[in-house]
Amino acid sequence: MNKEMAKAPPANMKQIMIQMVSSRCLSIAANMGIADTIGDTPYPINLLSEKLGVDENALFRLIRVLSTQGIFSIDEHQIISNTEISDYLKSDVTGSQRNFARMMGGSWMWKAFNSLEYSIETGKPAFSIAFPDSDNPFEYFKHDSPQDGRIFNHAMSDFSYSFDKPLVDAYDFSSMSHVVDLGGAEGCLLNAIKSEYPKVKTTLFDLPEVILQKQGTDTPVEFNLAGGDFFQKIEPIADCYTIKYVLHNWNDDACIKILENCRNVIKDNGRLLIMDMLIKEDEPQVFEKSLDIVMLLLLGAKERSAQEFEDLLAKAGFKINRVIPSKCPLSIIEAVPV
Ligand SMILES: C[S@@+](CC[C@H](N)C(=O)[O-])C[C@H]1O[C@@H](n2cnc3c(N)ncnc32)[C@H](O)[C@@H]1O
């Protein structure tokens, strides 16, 4: 072995190898609701373990490993407090990460990760290798584990909805007469648009079952509802389509199909706004590039660079007008029909 190499301990690499411990502990802490239990009042470890019904010493060690990364703090009397970071593990704070942490450490996610090698060997999703009865996580949630599905949906909402305002702040919708949000789920992006631009007409387009749920609630909705399948036909005709945090769920062929269907209905002078994370090869982007692996593993999908979006758009009859950064991890790609 090269002596120089042996002298330099690869601290970084050790950190990465052991990171799975923190990740799993974080998820367990989120599941147990430690941050919620502590709240704003520091909590002695013995009372905390009693309240949570777990072993005191093991709980202390779990919190200790998390505290090395600023998640919870422990004083010399073993009194535990929330920190600026662990506050985000509380359930009811804006931008809560609790469900995202629960999802990443969920047993289904770890089971899927056991098959990651298959994805690397083939470039295909490994989900159905790990779960032979399900093609993708959504089928698994539907048939086998609605509870994991609920955590997943909450995780997506918590993660994605905090981006709506920064995205709306980054784009001037005042000249648009009708905005249709494709795969808009609960309609939070449209609510954010409506509150800034009350005169703009808005329509939520999502799967019929999602729209039916929306129609079934007592809360009045501020926008029109359109149920459909964006692989079949997009409605209604409008001058602005937004598609936020959707294309990263699909492989290239599927994205082209969605974009082509949008091209079929968008007005000649219309704007298509793709809101997604953008991969930048010259930046570290640990989170984005890690999430890209999760997309490959679970769905055979990917996070994309602006260039990759440009290639997809060109195949569907669009070109990029400009790329607009925002004060959140998502950027806006403004595309126009060609
Ligand atoms: C990852 S969520 C994104 C939700 C939302 N845009 C956001 O930013 O949080 C993907 C959305 O696409 C919708 N969707 C999935 N397949 C669809 C299809 N074939 N046609 C229309 N909507 C679809 C889902 O119901 C879901 O609401």
Side-chain angles (χ1 to χ4, degrees), residues 94-97 99-100 103-104 125 127 135-142 146 148-168 170-171 179-194 202-217 221 223-236 238 240-251 253-262 264-265 272-278 288 291-292 294-295 298-304 326 328-333:
T94 311
S96 169
Q97 300 295 304
N99 286 299
F100 203 87
M103 175 190 81
M104 288 312 296
F127 193 83
D135 270 350
N136 57 52
F138 307 109
E139 277 185 18
Y140 164 74
F141 298 149
K142 195 164 166 184
D148 282 328
R150 273 191 289 276
I151 292 174
F152 176 89
N153 288 337
H154 287 312
M156 291 303 104
S157 309
D158 295 345
F159 183 66
S160 167
Y161 294 164
S162 60
F163 303 156
D164 292 327
K165 174 136 181 28
L167 288 167
V168 174
Y171 194 83
V179 179
V180 179
D181 189 26
L182 304 174
E186 300 270 289
C188 294
L189 176 66
L190 292 182
N191 281 332
I193 294 174
K194 255 319 207 209
T202 48
T203 299
L204 173 69
F205 179 92
D206 208 298
L207 288 167
E209 56 265 34
V210 176
I211 296 298
L212 271 176
Q213 265 179 13
K214 199 80 201 156
Q215 284 164 335
T217 60
V221 283
F223 35 78
N224 300 324
L225 297 171
D229 175 353
F230 48 44
F231 292 111
Q232 301 294 324
K233 188 179 177 207
I234 288 174
E235 302 181 287
C240 182
Y241 293 85
T242 48
I243 184 158
K244 171 180 159 249
Y245 218 45
V246 169
L247 294 180
H248 81 140
N249 285 336
W250 301 100
N251 65 29
D253 289 344
C255 288
I256 293 168
K257 189 73 205 156
I258 299 169
L259 295 173
E260 281 172 348
N261 283 339
C262 184
N264 288 339
V265 287
L272 165 64
L273 307 178
I274 297 174
M275 301 172 172
D276 243 311
M277 287 199 296
L278 293 184
E288 289 84 345
L291 207 56
D292 176 59
V294 178
M295 301 316 291
L298 300 184
L299 297 164
K302 64 197 293 194
E303 305 296 336
R304 295 180 173 84
S326 78
C328 77
L330 310 197
S331 298
I332 302 175
I333 293 182

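From a predicted model like this one, the values you see are computed outputs, not experimental measurements. First listed ligand is number 1; within each ligand, the first listed atom is number 1.
Here the side chains of Lys214 and Phe223 are in contact, with some heavy-atom distance below 4.5 Å. With a 4.5 Å cut-off on side-chain heavy atoms, Phe231 and Ile258 count as touching. Met275 is not listed as a side-chain neighbour of Ser326, based on a closest heavy-atom distance of 4.5 Å or more.
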Donor-acceptor list for residues 243-250 side chains, cut-off 3.5 Å, not counting sequence neighbours:
from: Lys244; atom 1: NZ; to: Ser160; atom 2: O; distance (Å): 3.1
from: Lys244; atom 1: NZ; to: Ser160; atom 2: OG; distance (Å): 2.6
from: Lys244; atom 1: NZ; to: Asp164; atom 2: OD1; distance (Å): 2.8
from: His248; atom 1: ND1; to: Glu303; atom 2: OE2; distance (Å): 2.7

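Here Glu235 pairs with Lys233 under the side-chain contact (heavy atoms from CB on, under 4.5 Å) rule; sequence neighbours left out. Residues meeting the side-chain contact (heavy atoms from CB on, under 4.5 Å) test with Asn99, sequence neighbours left out: Arg102, Ile151, His154, Ala155, Asp158.
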Between ligand 1 and the protein, which N/O pairs fall short of 3.5 Å?
from: ligand 1; atom 1: 6 (N); to: Gly183; atom 2: O; distance (Å): 2.8
from: ligand 1; atom 1: 6 (N); to: Lys244; atom 2: O; distance (Å): 2.8
from: ligand 1; atom 1: 8 (O); to: Ser160; atom 2: OG; distance (Å): 3.0
from: ligand 1; atom 1: 8 (O); to: Lys244; atom 2: O; distance (Å): 3.2
from: ligand 1; atom 1: 8 (O); to: Lys244; atom 2: NZ; distance (Å): 2.9
from: ligand 1; atom 1: 9 (O); to: Ser160; atom 2: OG; distance (Å): 2.7
from: ligand 1; atom 1: 19 (N); to: Asp229; atom 2: OD1; distance (Å): 2.8
from: ligand 1; atom 1: 20 (N); to: Phe230; atom 2: N; distance (Å): 2.9
from: ligand 1; atom 1: 25 (O); to: Asp206; atom 2: OD1; distance (Å): 2.7
from: ligand 1; atom 1: 27 (O); to: Asp206; atom 2: OD2; distance (Å): 2.7

